[in-house]
**Student:** 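Here it is, the structure in full.
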Amino acid sequence: MTLKLGCIADDYTGASDLANTLTRAGLRTVQTIGVPADDLAMPEVDAVVVSLKSRSIEAGIAVERSRAAEKWLRGRGAAHVLFKICSTFDSTDKGNIGPVMDALKEDSGDRIVLVTPAFPETGRTVYQGNLFVGTVPLNESPLKDHPLNPMHDSNLVRVLARQSRTKVGLVDLATVTRGPEAVHAKLADLAGKGVGAAIIDAVFDLDLETIGAVAIGHRVSVGASGIGLGLARALVRGKAMPSDASAGGAVGGPAACLAGSCSQATLGQIARAEKIMPVLHLDPDQIIKGNGEAKRALAWARERLGSGPVLIASSAAPDQVAALQARHGRDAAGHAIEQAMADIAEGLVQSGVHRLVVAGGETSGAVVDRLRIPGFLVGAEIAAGVPVLRAVGAKEGNMLLALKSGNFGGPEFFSDALSLMR
Ligand code: ADP
């Protein structure tokens with residue numbers, strides 16, 4: 001297998017989002033969970049997205065894992081490796097975008113790395129280095145209240161500079177609009193001044209194509225699915241390649257949804273789901289105190305699974321999240337709830353659930369790790385950035401999952417997902 005494109009994603013839902021984008025652009029894509037074992041039976045593909053759960057861990061460990069993934073991808077012929085981050089640049093001053101970028105840059109020998117989380121079709125645009133989420137700057141968006149990575153600065157040149165050893169510059173929209181040659185010239189100029197990473201503006205899909213056309217000539221780039229789209233278009237050059245990823249029979253049996261995201265979008269989706277399926281709201285205090293909340297949830301689910309899908313949610317509004325974190329600490333609360341979600345997922349699968357929808361990036365990571373699923377073939381698109389995933393090499397056999405980043409999906413996301421996961 002010689003890969004056209006290698007990708008390292010810093011969380012699992014982001015990886016699905018990217019794999020979905022690459023598939024739509026015509027690249028046959030597999031998403032793996034962690035660095036694959038050498039004996040993983042993998043179909044012939046153009047791109048592999050190695051999913052790590054490295055967004056919110058210690059920076060040194062994120063670097064180590066990303067380097068291992070890069071080595072695996074380069075070993076399969078990937079000339080270009082994209083480090084896939086969140087389209088809202090989720091990170092802190094400690095990392096992990098900067099430290100991982102620095103390490104990949106060092107290994108690649110590239111003089112300068114292109115960085116952009118822009119993905120206009122999902123409302124993420126970058127102008128003069130400032131990231132907008134829909135109509136508002138990042139620091140005014142709901143991301144300011146994210147439980148793990150609250151974002152208080154929309155200027156990505158500043159944000160990246162605080163977490164990187166590399167001098168950070170900007171390629172502005174005016175340059176991007178003039179096309180690949182102008183971008184090349186600007187990058188050469190920046191590199192000559194000792195700048196090793198450039199945030200690059202993108203407001204329209206066409207900007208991503210320009211960026212992809214330039215980035216593909218480098219060894220490494222950093223960004224969200226938007227730059228992935230640009231890279232894929234540069235590789236495919238208009239010739240859509242057939243994707244066989246959605247092939248496979250119906251799975252059937254009971255289905256369940258889990259929500260650990262506290263994003264506004266997910267809170268709205270849970271409210272809509274209440275109208276069509278039983279919903280259990282977990283008590284996060286009981287989870288953290290270790291009072292058997294997961295067991296209670298499983299018993300509740302088992303009573304209902306025979307009659308249709310169920311949804312179990314820990315999600316809460318920002319004021320409740322803040323109050324819980326004040327009582328128990330941010331990391332302890334997040335970790336305990338993620339592990340409870342993993343316990344519930346494991347119990348559900350043991351009860352015969354082979355169709356599972358999960359909302360929340362970290363939550364999905366905890367669930368997929370616990371289920372020990374090595375990889376996924378990417379299938380039909382449920383919502384922008386969220387494909388149906390068919391497990392590859394899972395011990396339970398045929399299994400469908402949907403892993404949704406908190407902010408993604410329309411109001412009816414849970415029913416939309418289930419209707420495509422037969
Ligand atoms: P998103 O994709 O929206 O960022 P994540 O699953 O990545 O969602 O992150 C949500 C974090 O919030 C997880 O660590 C999760 O365990 C934690 N969490 C879930 N419910 C609550 C709650 N009620 N209070 C505090 N934290 C919560």
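What you see is a predicted model; the values in this text were computed from it and never measured. Counting starts at 1 for both ligands and their atoms, following the listed order.
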**Student:** Looking at D283 and K289, is there a salt bridge between them, counting it only when a charged N and a carboxylate O are closer than 4.0 Å?
**Tutor:**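 Looking at K289 and D283, the cut-off is not met.
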**Student:** Is it the case that over 12 heavy atoms from other parts of the model lie below 6.0 angstrom from the NZ atom of K94?
**Tutor:**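 Atom NZ in K94 is not crowded, with 12 or fewer foreign heavy atoms closer than 6.0 Å.
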**Student:** Run through all N or O atoms in ligand 1 and write down each protein N or O closer than 3.5 Å, as a pair with its distance.
**Tutor:**
unit_1, atom_1, unit_2, atom_2, d
ligand 1, 2 (O), G361, N, 2.8
ligand 1, 2 (O), G406, N, 2.8
ligand 1, 3 (O), S261, OG, 2.6
ligand 1, 4 (O), H146, NE2, 2.6
ligand 1, 6 (O), G361, N, 3.4
ligand 1, 6 (O), E362, N, 3.3
ligand 1, 6 (O), T363, N, 3.1
ligand 1, 6 (O), T363, OG1, 2.7
ligand 1, 7 (O), G361, N, 3.2
ligand 1, 7 (O), E362, N, 2.7
ligand 1, 14 (O), E338, OE2, 2.6
ligand 1, 16 (O), G334, O, 2.9
ligand 1, 20 (N), S314, O, 3.4
ligand 1, 20 (N), S314, OG, 2.9
ligand 1, 23 (N), S314, O, 2.9

**Student:** Is R233 reaching over with its side chain to a backbone N or O of L231, donor-acceptor style, under 3.5 angstrom?
**Tutor:**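 Not at all, since once roles are kept as given, no pair shorter than 3.5 Å links the two residues.
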**Student:** Are Q31 and S51 close enough that a side-chain donor and a side-chain acceptor fall under 3.5 Å?
**Tutor:**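 There is such a pair between these side chains.
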**Student:** Checking S315 now: which residues fulfil side chain to side chain contact (heavy atoms under 4.5 Å, CB included) with it, not counting sequence neighbours?
**Tutor:**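 Testing S315 for side chain to side chain contact (heavy atoms under 4.5 Å, CB included), a comparison that skips the adjacent residues, returns A259, T266, L267, I270, A313.
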**Student:** Of all heavy-atom pairs between L311 and W300, which one has the smallest distance, and what is that distance?
**Tutor:**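 Minimum heavy-atom separation between L311 and W300: O-CH2, 3.8 Å.
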